Chemist: 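What follows is a single structure, and I will ask about it in a moment.
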Amino acid sequence: SECATENTGGRSGALFPPPIAEAVERIDVNPPKGTRDFPPEEMRLRNWLFQNFKEVSQLFGFEEVDFPVLESEALFIRKAGEEIRDQLYCFEDRGNRRVALRPELTPSLARLVIQKGKSVSLPLKWFAVGQCWRYERMTRGRRREHYQWNMDIIGVPDVTAEAELISSIVTFFKRLGITASDVGFKVSSRKVLQDLLRCYSIPDNLFGKVCIIIDKMEKLPLDEIKKDLGSVGISEQAIEELLKVLSIRSLSKLEEVLGAGVEAVADLKKLFSLAEDSGFSEWIQFDASIVRGLAYYTGIVFEGFDREGKLRAICGGGRYDRLLSTFGGDDLPACGFGFGDAVIVELLKEKQLLPDLGLQVENIVCSLDPELHGAAARVATVLRGKGQSVDLVLETKPLKVFKRASRINARRLILVGSSEWQRGMVGVKILSSGEQYEIKLDELDHQPPSSHSE
Ligand SMILES: Nc1ccc(Br)nc1
């Protein structure tokens, strides 16, 4: 009969028992190892953080740029033994090209600068917020992705550029309520290391490798560091001298050891003087042991740290004057920093500075009669046309509307009932005060009068 073709919609019909659902194995609903989902609450926090990254960057006159997450693997192949190289998330694509998920943004930025060539006028002040990846054996259970905020200045050889970068991060911290008592920047210059290596006739091409070895000083036993330094040809005497200098924590002491005319000392003294002028000198301290873990840094390096010493480095950066020329570009001076989205959230939690970012919807609109859903939709359209957010209740038999209204933190409930609608009115309930009244549709505005005339 006709009903045989009627779709019982899965409901048990007199003629047809419901189809027996085949047993479906549930997929793994978690994101891939080391990666995160961002459900609404986490997404609001992420958007708030990124908004602060972007507003500070724009406050400093930087322009936003972006690049593909996927890059040629060659962009990141450096032979200095960096962790970032060991953990490259790389593969061969279907066109047999060696590609990689970017582990950082700086090489992409350098690539774009070279690509733009003479069509861009210097100095360039660019910023980006982008997801970066590493493939780490899950033995350590660490994340494989994070978002990084980068600011870079291309074309300025002077430490005025590094001062501007540190000043921008200080501004960011202050916006979030973080003070110089909470965090600081350890600052040094790789020219200290470079001068020392030259004193011991260590060839320049070993400079990056030596920096990477020294960067591991806090993570590996000292004799392993010494062994690694010896393996690149540095004598025991030079190693002892190196380690002694790297333990210096005062600029005057460094000047005593290296001499006043040394470029590294001059750069650092200028940076500290600029910090005084710009008002962030309480945020920075000299620490000769800071080298950072990227091979391409050539001058000033800095890293943000939490003074309680509970967290990993919050951010880091420095000067990388040779990177563009290693890609075949012009020898342009450059400096920048990277600021990850994870440690900062841990710090905000520690300091109880996480913002309360609950969902806030202006209106929830509900029809009391299924026949009036169209009218409710029209009310929603009118309000949205006025720029007001509306959660339109879509169930034709709405239940628990008040529960939903409080969950979405709606400011007011608009009820569309037949008798009111006949009179061109809708009901309004201010959820915070409980105040209730009727109003004409076109009188619905942002701020209803405090005491409502009938
Ligand atoms: N470079 C990098 C990439 C991804 C994560 Br998580 N940490 C560092």
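For ligands, and for the atoms within them, numbers begin at 1 and follow the listed sequence. Note that the coordinates shown come from a computational prediction; the quantities given were computed from them, not determined experimentally. Residue indices begin at 1 and follow the sequence shown. Side chains included, hydrogens not; waters and symmetry mates left out as well; all remaining heavy atoms used.
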Chemist: Could you tell me which non-hydrogen atom of F185 sits nearest to which non-hydrogen atom of I169, and how far apart they are?
Modeler: CZ-CG2, 3.6 Å

Chemist: Test Y320 against Y296 for ring-ring contact (aromatic ring centres under 6.0 Å, His included), laying out the working first.
Modeler: CA-CA 6 Å; Y320 53 96; Y296 50 65; 5.6 Å; yes

Chemist: Among all protein heavy atoms, pick the one closest to atom 7 (N) of ligand 1 and tell me residue, atom and distance.
Modeler: R134 NH1, 3.4 Å

Chemist: N150 and T106: which non-hydrogen atoms are nearest, and at how many Å?
Modeler: OD1-OG1, 3.7 Å

Chemist: Could you tell me the residue and atom name of the protein heavy atom closest to atom 1 (N) of ligand 1, and the distance to it rounded to 0.1 Å?
Modeler: P103 O, 2.7 Å

Chemist: Could you tell me how the ring of W149 sits relative to the ring of F53: parallel (under 30°), tilted (30 to 60°) or perpendicular (over 60°)?
Modeler: parallel

Chemist: What part of E145, side chain from CB on, backbone N/CA/C/O, both or neither, has a heavy atom under 4.0 Å from ligand 1?
Modeler: backbone

Chemist: Return the residue, atom name and 0.1 Å-rounded distance of the protein heavy atom closest to atom 4 (C) of ligand 1.
Modeler: C132 O, 3.5 Å

